[in-house]
S.K.: 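This is the structure, below, for whatever I ask next.
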Amino acid sequence: MLISEFLHNITNKALEDLLKAKGIDTNNSPDFIIEKPKNSDFGDFATSLPLQLSKLLSSNPMEIAENLVSLLPDCKEIEKLSIAKPGFINFSLSKNWINNEIKMILVSEKDYGRPLEAKNFKIQVEFVSVNPTGRLHLGHMRGAVIGSTIANLLENQRFNVQREYYVNDAGNQMQIFGNSIIERIKEANGADFNVSEDHYKGEDIIEIAKELAPNYKNYNLENVEDSTFNEIKNKAKDKCILKIKDDLNLIKIKHDSWFYESSLIDSNYFSDTLQNLDDLNLTYKKDDALWIKTEELGDERDNVLVKSSDKKPTYFATDIAYHRNKFEVRNFEKVIDLWGADHHGHIKRMEIILEKLGIDSKKLIVLLNQIVSLKSSSGISKFSKREGTSILLKDLVGEIGSDACRFSFISRSPESQMEIDIDIFKKQSSENPVFYIQYAHARLSSILRSSEYFKIKFDDADINLLISPDEINLIKKLIEYPELLNRITENLNVHELSTYSLELAQIIHKFYEKNRVIDEDLANIEQTKSRLLLVKASKIILSNLLSLMGMESPEKM
RNA sequence: GCGCCCGUAGCUCAGCUGGACAGAGCAUCUCGCUUCGAACGAGAGGGUCGGGGGUUCGAAUCCUCCCGGGCGUGCCA
């Protein structure tokens with residue numbers, strides 16, 4: 001159990017006792033939190049419960065605080081309880097308990113902060129899911145990095161996690177993609193070509209077309225037959241997906257599952273879903289199209305499921321089938337989708353349809369990240385795949401590296417709007433805070449190498465010798481780690497990982513500057529050993545963090 | 001117009017379900033390497049938390065109204 005949970009439990013017990021003594025129904029007891037105060041003078045944890053109770057008990061918060069404290073049990077975890085104006089209770093943890101945590105870090109290593117047993121709970125994290133109509137660019141990185149970090153974290157917390165990429169290969173964009181490829185093949189083969197407004201214009205498209213061109217030298221591609229069109233489109237799609245996989249690989253992302261939109265149609269699961277909606281009396285025909293009655297379910301308007309023009313399903317229609325499949329066929333107990341903010345209007349109608357299909361929509365969690373836009377001296381421009389004006393992921397990673405890229409996106413909360421000035425972005429990458437964190441790791445590694453060189457064994461070191469402010473600060477920061485992981489598992493705010501990493505690195509650097517670890521004077525060997533223990537524990541936590549964020553933990557830099 | 005999101009230091013951003021003096025990095029200005037890595041540390045300056053009301057013992061955080069920006073409001077995805 002987390003220490004904050006433990007403190008909450010005993011405080012809650014004291015609260016109930018207090019209310020009973022006053023003859024108040026315990027059902028009225030307020031929710032309260034145990035939190036870490038910003039100022040460490042106020043102990044390791046604190047609660048403002050007495051302030052919250054003031055009205056209910058109609059008495060002075062300071063008195064309530066005293067009463068509550070008197071009702072709290074003596075326990076080995078707590079060193080000191082105190083009250084502070086205007087009505088806080090402050091908890092200081094016992095040295096003994098803290099020392100045990102440090103030992104736990106050293107024993108558990110990668111498993112520190114993880115639950116002991118695997119959770120039998122299937123979670124799918126679906127992220128990236130960019131149309132296979134070109135390579136990934138800067139605008140796609142945000143969701144990719146956040147999604148992969150969430151998946152890493154949930155896996156770390158022993159959920160049964162599947163990382164999925166949804167391949168939108170059945171829609172209109174694929175037709176445009178196919179047409180674009182064919183024009184570029186014609187171009188590559190020296191024939192007349194016609195790249196218009198509606199075509200994808202990026203270098204990546206030209207590259208794919210060039211690879212395919214030799215196979216179609218003797219084809220007349222002017223009025224191409226459906227079969228040939230589909231053949232070319234599919235070959236180009238496959239090549240494109242391989243390139244997307246290469247791109248993802250560059251930023252340490254590997255999906256477990258690639259789910260094709262086309263498979264929903266081929267397997268008749270899509271038509272089955274339509275039938276299902278029809279059975280629920282949710283669809284109707286109008287203007288030669290098939291509509292769904294989302295307005296009466298609370299959406300802004302009704303939506304089209306099957307288009308009149310080509311009798312093909314809309315994105316929304318196949319997405320209903322896709323999400324139904326996640327829950328009904330594959331039995332995920334929770335699904336986390338990472339979408340760009342331009343999809344936010346899509347959430348509500350998806351949820352109401354899921355409910356109609358008998359699926360608890362709370363099982364679907366959609367995380368929106370705000371769209372990334374490019375800023376330059378000429379103003380703000382958008383990433384446009386169609387226009388090919390984006391900055392390719394592979395180029396950016398090649399220039400500034402995966403770790404700096406990942407950190408830049410992890411460290412911002414998803415709802416913050418990013419207007420990236422690419423020159424500043426690149427410049428900041430060279431001095432990216434990730435290097436500050438990694439440098440701390442490299443320094444710790446260096447110390448441990450020295451200890452091996454001097455053959456200093458410190459398994460039996462005495463943690464009680466760690467008493468300087470820098471050492472205490474470091475220890476306190478380390479034992480926050482399980483609380484951090486627990487919190488992010490709940491709120492999915494992975495940018496807290498980056499904030500914590502920076503704080504930890506800072507404390508490590510301060511500790512390093514002021515406390516020489518390896519003292520060559522043998523009279524101080526016990527202190528050397530205890531500090532080595534702390535160094536090792538710090539390195540474990542730092543390395544775990546970097547690993548969760550998908551970054552390297554360098555032994556040397 | 002309507003809906004959702006955002007506005008915190010010169011710049012990029014944190015600030016965890018309201019909590020105890022508004023933070024970090026970069027940039028600017030000082031200072032510190034004969035000892036484990038100076039990709040570091042110590043210190044200084046810099047903010048009416050977009051603005052006005054309100055709720056509360058307490059508001060950057062909640063409510064409301066303005067201002068400014070993003071996204072959505074397709075038989076695109």
S.K.: Kindly say whether I146(A) contributes a backbone atom to a donor-acceptor pair with the side chain of H495(A) at under 3.5 angstrom?
M.R.: no
S.K.: Is the backbone N or O of A289(A) less than 3.5 Å from a side-chain atom of D287(A), with the two atoms forming a donor-acceptor pair by type?
M.R.: no
S.K.: Could you give the CD1-to-C1' distance, from I33(A) to rG18(B), as a whole number of Å?
M.R.: 9 Å
S.K.: Of all residues at least two apart in sequence or in a different chain, which pass the ring pair (Phe, Tyr, Trp, His ring centres under 6.0 Å) check with F32(A)?
M.R.: H8(A)
S.K.: If we take the C1' atom in both rU12(B) and rA59(B), what is their distance in whole Å?
M.R.: 26 Å
S.K.: Applying side-chain hydrogen bond (donor to acceptor under 3.5 Å, both in side chains), which residue pairs with at least one partner in residues 47-65 of chain A are found, sequence neighbours left out?
M.R.: S48(A)-Q52(A)
S.K.: Throw together a table of side-chain donor-acceptor distances under 3.5 angstrom for residues 346-353 of chain A, partners on residues two or more places apart or in other chains.
M.R.:
from	atom 1	to	atom 2	distance (Å)
H346(A)	NE2	D319(A)	OD2	2.9
K348(A)	NZ	G298(A)	O	3.1
R349(A)	NH1	G345(A)	O	3.0

S.K.: Given that both distances must come in under 3.5 Å, which nucleotide forms a Watson-Crick or G-U wobble pair with rA24(B)?
M.R.: rU12(B)
S.K.: Sequence neighbours left out, what passes side-chain contact (heavy atoms from CB on, under 4.5 Å) with D44(A)? Give chain and number order.
M.R.: S92(A), L93(A), K476(A)
S.K.: Is there a Watson-Crick or G-U wobble partner for rU56(B) with both distances under 3.5 Å, and which nucleotide is it?
M.R.: none
S.K.: Between S180(A) (side chain only) and Y200(A) (backbone N and O only), is there a donor and an acceptor less than 3.5 Å apart?
M.R.: yes
S.K.: Please give, in whole Å, the distance from rU17(B) P to D31(A) CG?
M.R.: 14 Å
S.K.: In the strands shown, is rA42(B) matched to any nucleotide by a Watson-Crick or G-U wobble pair with both distances under 3.5 Å, and which?
M.R.: rU30(B)
S.K.: Using both distances under 3.5 Å as the test, list the Watson-Crick or G-U wobble partner of rC2(B), or none.
M.R.: rG72(B)
S.K.: Heavy atoms only, 4.0 Å cut-off, all strands: where does A46(A) land among base, sugar-phosphate and nothing?
M.R.: base
S.K.: Output all residues satisfying salt bridge (Lys or Arg N to Asp or Glu O under 4.0 Å) with E513(A), sequence neighbours left out; order by chain, then residue number.
M.R.: R443(A)
S.K.: Roughly, in whole Å, what's the span from CD1 in I320(A) to C1' in rC75(B)?
M.R.: 14 Å
S.K.: Would you classify L502(A) as touching base, sugar-phosphate or nothing, given that sugar-phosphate means primed atoms plus P, OP1 and OP2, and contacts are heavy atoms under 4.0 Å?
M.R.: nothing
S.K.: Select one nucleotide: of rG25(B), rC76(B), rG19(B), the one nearest the side-chain heavy atoms of N172(A).
M.R.: rC76(B)
S.K.: In whole angstrom, give me the gap between the C1' atoms of rC40(B) and rG46(B).
M.R.: 24 Å
S.K.: Indicate for each nucleotide in nucleotides 4-15 of chain B, in 5' to 3' sequence, whether protein heavy atoms under 4.0 Å reach the base (B), only the sugar-phosphate (S), or nothing (-).
M.R.: BBS-----SSSS
S.K.: Please report the distance separating the P of rG54(B) from the corresponding atom of rU61(B), rounded so that it comes out in whole Å.
M.R.: 14 Å
S.K.: When rounded to the nearest Å, what value does the distance between C1' atoms of rG51(B) and rG19(B) take?
M.R.: 25 Å
S.K.: Remember a base hit wins even if backbone is also touched, and classify N39(A) as base, sugar-phosphate or nothing at under 4.0 Å, heavy atoms.
M.R.: base
S.K.: Expressed as a whole number of angstroms, how long is the span from M350(A):CE to rA77(B):P?
M.R.: 13 Å
S.K.: With rounding to the nearest 0.5 angstrom, report the CZ to CG distance, R531(A) to D470(A).
M.R.: 9.0 Å
S.K.: With a 4.0 Å cut-off on heavy atoms, is N90(A) in touch with a base, just the backbone sugar-phosphate, or nothing at all?
M.R.: base
S.K.: Under the rule for ring pair (Phe, Tyr, Trp, His ring centres under 6.0 Å), what residues qualify as partners of H509(A), not counting sequence neighbours?
M.R.: Y436(A), Y439(A)
S.K.: With sequence neighbours excluded, tell me which residues meet ring pair (Phe, Tyr, Trp, His ring centres under 6.0 Å) with F177(A).
M.R.: none
S.K.: Rounded to whole Å, please give me the gap between CD1 in I508(A) and C1' in rA39(B).
M.R.: 15 Å
S.K.: For residues P61(A) and G87(A), report the shortest heavy-atom separation together with the two atoms involved.
M.R.: CB-CA, 4.1 Å
S.K.: Separation of I488(A) atom CD1 from rC16(B) atom P, in whole Å?
M.R.: 13 Å
S.K.: Whom does rU61(B) pair with, Watson-Crick or G-U wobble, provided both distances fall under 3.5 Å?
M.R.: none
S.K.: Below 4.0 angstrom from OP1 or OP2 of rC57(B), is there any side-chain N or O of Q52(A)?
M.R.: no
S.K.: List every contact pair, protein side and nucleotides 34-38 of chain B side both N or O, where the distance is under 3.5 Å.
M.R.:
from	atom 1	to	atom 2	distance (Å)
rU35(B)	O2'	R516(A)	NH1	3.2
rU35(B)	O2'	R516(A)	NH2	2.9
rC36(B)	O4'	R516(A)	NH1	3.4
rC36(B)	O4'	R516(A)	NH2	3.0
rC36(B)	O2'	S450(A)	OG	3.2
rC36(B)	O2	I518(A)	N	3.0
rC36(B)	N3	V517(A)	N	2.9
rC36(B)	N4	Y512(A)	O	2.8
rC36(B)	N4	N515(A)	O	2.9
rG37(B)	OP1	S446(A)	OG	2.1
rG37(B)	OP2	S446(A)	OG	3.4
rG37(B)	O2'	Y439(A)	OH	2.6
rG37(B)	O2'	R443(A)	NE	2.9
rG37(B)	O6	M557(A)	N	2.7
rG37(B)	N1	M557(A)	N	3.3
rG37(B)	N1	M557(A)	O	3.1
rA38(B)	OP2	R443(A)	NH2	2.5

S.K.: Could you pull out all residues at least two apart from N179(A) that satisfy side-chain contact (heavy atoms from CB on, under 4.5 Å)?
M.R.: H199(A), F229(A)
S.K.: Please measure how far the P atom in rC49(B) lies from the corresponding atom in rG41(B), and state the result in whole Å.
M.R.: 30 Å
S.K.: Rounded to whole Å, please give me the gap between CG in L49(A) and C1' in rG18(B).
M.R.: 15 Å
S.K.: From the options rU73(B), rC16(B), rA77(B), select the nucleotide whose nearest atom is closest to the side chain of R487(A).
M.R.: rC16(B)
S.K.: Picking from rC76(B), rC26(B), rG19(B), which would you name as closest to the side chain of E35(A)?
M.R.: rG19(B)
S.K.: Tell me whether the ring of F88(A) lies stacked over the rA20(B) base, given a 5.5 Å limit on centroids and a 30° limit on the plane angle.
M.R.: yes
S.K.: K85(A) side chain N/O closer than 4.0 Å to the phosphate oxygens (OP1, OP2) of rA20(B)?
M.R.: no
S.K.: With RNA chain B as reference, determine whether N168(A) or I34(A) sits nearer its 5' end, using the nearest nucleotide of each.
M.R.: I34(A)
S.K.: For the pair made of CZ in R349(A) and P in rG72(B), what is the distance, rounded to whole Å?
M.R.: 12 Å
S.K.: Select base, sugar-phosphate, or nothing to describe what Q506(A) touches, counting heavy atoms under 4.0 Å on all strands.
M.R.: sugar-phosphate
S.K.: Could you work out the separation of rA14(B) and rG25(B) based on their C1' atoms and round it to a whole Å?
M.R.: 10 Å
S.K.: May I ask you to list the residues of residues 302-311 of chain A, by number, that have any heavy atom positioned under 4.0 Å from an atom of RNA chain B?
M.R.: V304(A), K307(A), S308(A), S309(A)
S.K.: Check side-chain hydrogen bond (donor to acceptor under 3.5 Å, both in side chains) between R324(A) and all other residues, then give those that pass, not counting sequence neighbours.
M.R.: D272(A), T273(A)
